[in-house]
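Shown next, in C-alpha cells, is the structure this report addresses.
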Amino acid sequence: MLKKTASRTGLYPGTFDPITLGHLDIIQRAAKVVDRLVIGVAKNAGKGPLFDTKARLKMVEREVDILRGRGLKNIEVRSFDHLLMHFAHELGASVIIRGLRAASDFEYEIQMAAMNYRMNPKIETIFLTATEGTQFISSRFVKEIARLGGNVKPFVSPLIASDLARRLKDKDGRSKVNPEVRD
C-alpha cells in the first residue's frame, strides 16, 4: 500500500462545449484519484465554441453541483485563458487528467503530454480511458446532432440537452432540437 504524503491537486482541462456524459464520467473517476480536482474550462475561442466561456462555466458548475450532492466534494470549477501549464502551476496541480476515447485520441494526447512535460516535469499527465458507454461521445458530435434536430439525451444530461435546445432555436422561436425524437 502506498503511503499518501501530501495533498494532490489534479487539473482536468477542456473546452466543455458542451459538457457531456463522457466528461462527467472522467470527472467522477478523476475525483477519486486526487484530493482536489479542478475542472479547467478553457476559453479557446479558436475552436469556435457554440457557448461562450461564461455559459460553459455555468453549465459545468451546475453539473458538478449535482456530483457534489452525491458526495464528491473535492471538485471545483475555474475558467482559464492562458497556457495550460501556467494555469496548472498557479493551482499547485501535480497532475493533468486527460480522457482517452479511442486510439485516435492517443497520438494527439501523447504529443501534448510530452510538450507539457518539457515545460514542467513536476506535473505529470494521467490518462483515463473512457468507459464502454461513453467511448463514442464527443462535444463536436453532440453539437452536430443537436444542430440537425437529433436526440442528444443519450449523450448529455437533461439540463445540457435543454441548454442546447435553447441555444439552437431558430429565428421564429421554433426549436431545431427535438429531444424526444429517437434517431
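What you are looking at is a predicted structure, and each value in this text was computed from that prediction instead of being measured. No hydrogens, no waters, no symmetry mates; every other heavy atom, side chains included, goes into these values.
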Might you confirm whether atom CE of Met115 has over 12 heavy atoms from other residues, nucleotides or ligands at distances under 6.0 Å?
-> no
Heavy atoms, side chains only, cut-off 4.5 Å: are Met112 and Thr125 in contact?
-> no
Minimal non-hydrogen separation, Thr134 against Gly22, with atom names = CB-CA, 3.8 Å
Are Leu37 and Phe127 connected in the hydrophobic side-chain network, where two residues link if heavy atoms are under 4.5 Å apart?
-> no
Phe136 atom CZ, over 12 foreign heavy atoms within 6.0 Å | yes
Minimal heavy-atom distance between Ile123 and Ala93, with the atoms involved, is CG1-O, 3.5 Å
Sub-3.5 Å donor-acceptor pair from the side chain of Arg98 to the main-chain atoms of Glu109, do we have one?
-> no
Could you give the distance from CG (Asn116) to CE (Met85), rounded to the nearest 0.5 Å?
-> 4.5 Å
Could you list the residues that satisfy salt bridge (Lys or Arg N to Asp or Glu O under 4.0 Å) with Asp65, not counting sequence neighbours?
-> Arg68
Closest approach of Pro154 to Leu21 (non-hydrogen atoms, all atoms of both residues) = O-CD1, 3.4 Å
State the CZ-CG distance between Arg118 and Asn120, to the nearest 0.5 angstrom.
-> 13.0 Å
Between atom CD1 of Ile66 and atom CG of Leu159, what is the distance when rounded to the nearest 0.5 Å?
-> 5.0 Å
How far does CZ of Arg29 sit from CD1 of Ile27, to the nearest 0.5 angstrom?
-> 12.0 Å
Smallest heavy-atom separation, Ala31 atom then Leu72 atom, equals CB-CD2, 4.1 Å
Any side-chain heavy-atom pair of Leu164 and Phe51 under 4.5 Å | yes
Is Ile26 linked to Val34 within one hydrophobic cluster, defined over Ile, Leu, Val, Met, Phe, Trp and Tyr using a side-chain heavy-atom separation of less than 4.5 Å?
-> yes
Starting at CD of Glu61, measure out to CD1 of Ile19 and round the result to the nearest 0.5 Å.
-> 10.0 Å
In short, Asp17 meets Pro49 closest at the heavy-atom pair OD2-CA, 2.9 Å
Apply the test side chain to side chain contact (heavy atoms under 4.5 Å, CB included) to residues Leu168 and Leu50: give CA-CA distance (whole Å), side-chain angles for both, the deciding distance (0.1 Å), then the verdict.
-> CA-CA 9 Å; Leu168 294 172; Leu50 178 62; 3.9 Å; yes
For the atom pair NZ (Lys54) and NZ (Lys58), what is the distance rounded to the nearest 0.5 Å?
-> 8.5 Å
According to a 4.5 Å side-chain heavy-atom criterion applied to Ile, Leu, Val, Met, Phe, Trp and Tyr, with indirect links allowed, do Leu84 and Val41 form part of one hydrophobic cluster?
-> no
For the residue pair Lys143 and Pro18, establish whether any side-chain heavy-atom pair is separated by less than 4.5 Å.
-> yes
Do Ile39 and Tyr12 have side-chain heavy atoms sitting under 4.5 Å apart?
-> yes
With distance as the sole test, does Gln28 use its side chain to make a donor-acceptor pair with the main-chain N or O of Leu24 at under 3.5 Å?
-> yes
If you take all heavy atoms of Ser138 and Arg101, which pair is closest and at what distance?
-> CB-NH1, 3.4 Å
Please say whether more than 12 non-hydrogen atoms of neighbouring residues, nucleotides or ligands are located less than 6.0 Å from OH in Tyr117.
-> no
Are a donor atom and an acceptor atom from the side chains of Glu90 and His82 found within less than 3.5 Å of each other?
-> yes
Would a hydrophobic clustering, with Ile, Leu, Val, Met, Phe, Trp and Tyr connected at side-chain separations under 4.5 Å, put Phe80 with Val95?
-> no
For the residue pair Leu91 and Arg78, establish whether any side-chain heavy-atom pair is separated by less than 4.5 Å.
-> yes
Is Met59 close to Arg56 at the side-chain level, that is, under 4.5 Å between some pair of heavy atoms?
-> yes
Any idea how His23 and Phe16 line up, ring-wise: parallel (<30°), tilted (30 to 60°), or perpendicular (>60°)?
-> perpendicular
Is Leu67 reachable from Ile137 through a run of hydrophobic residues whose side-chain heavy atoms are each under 4.5 Å from the next?
-> yes
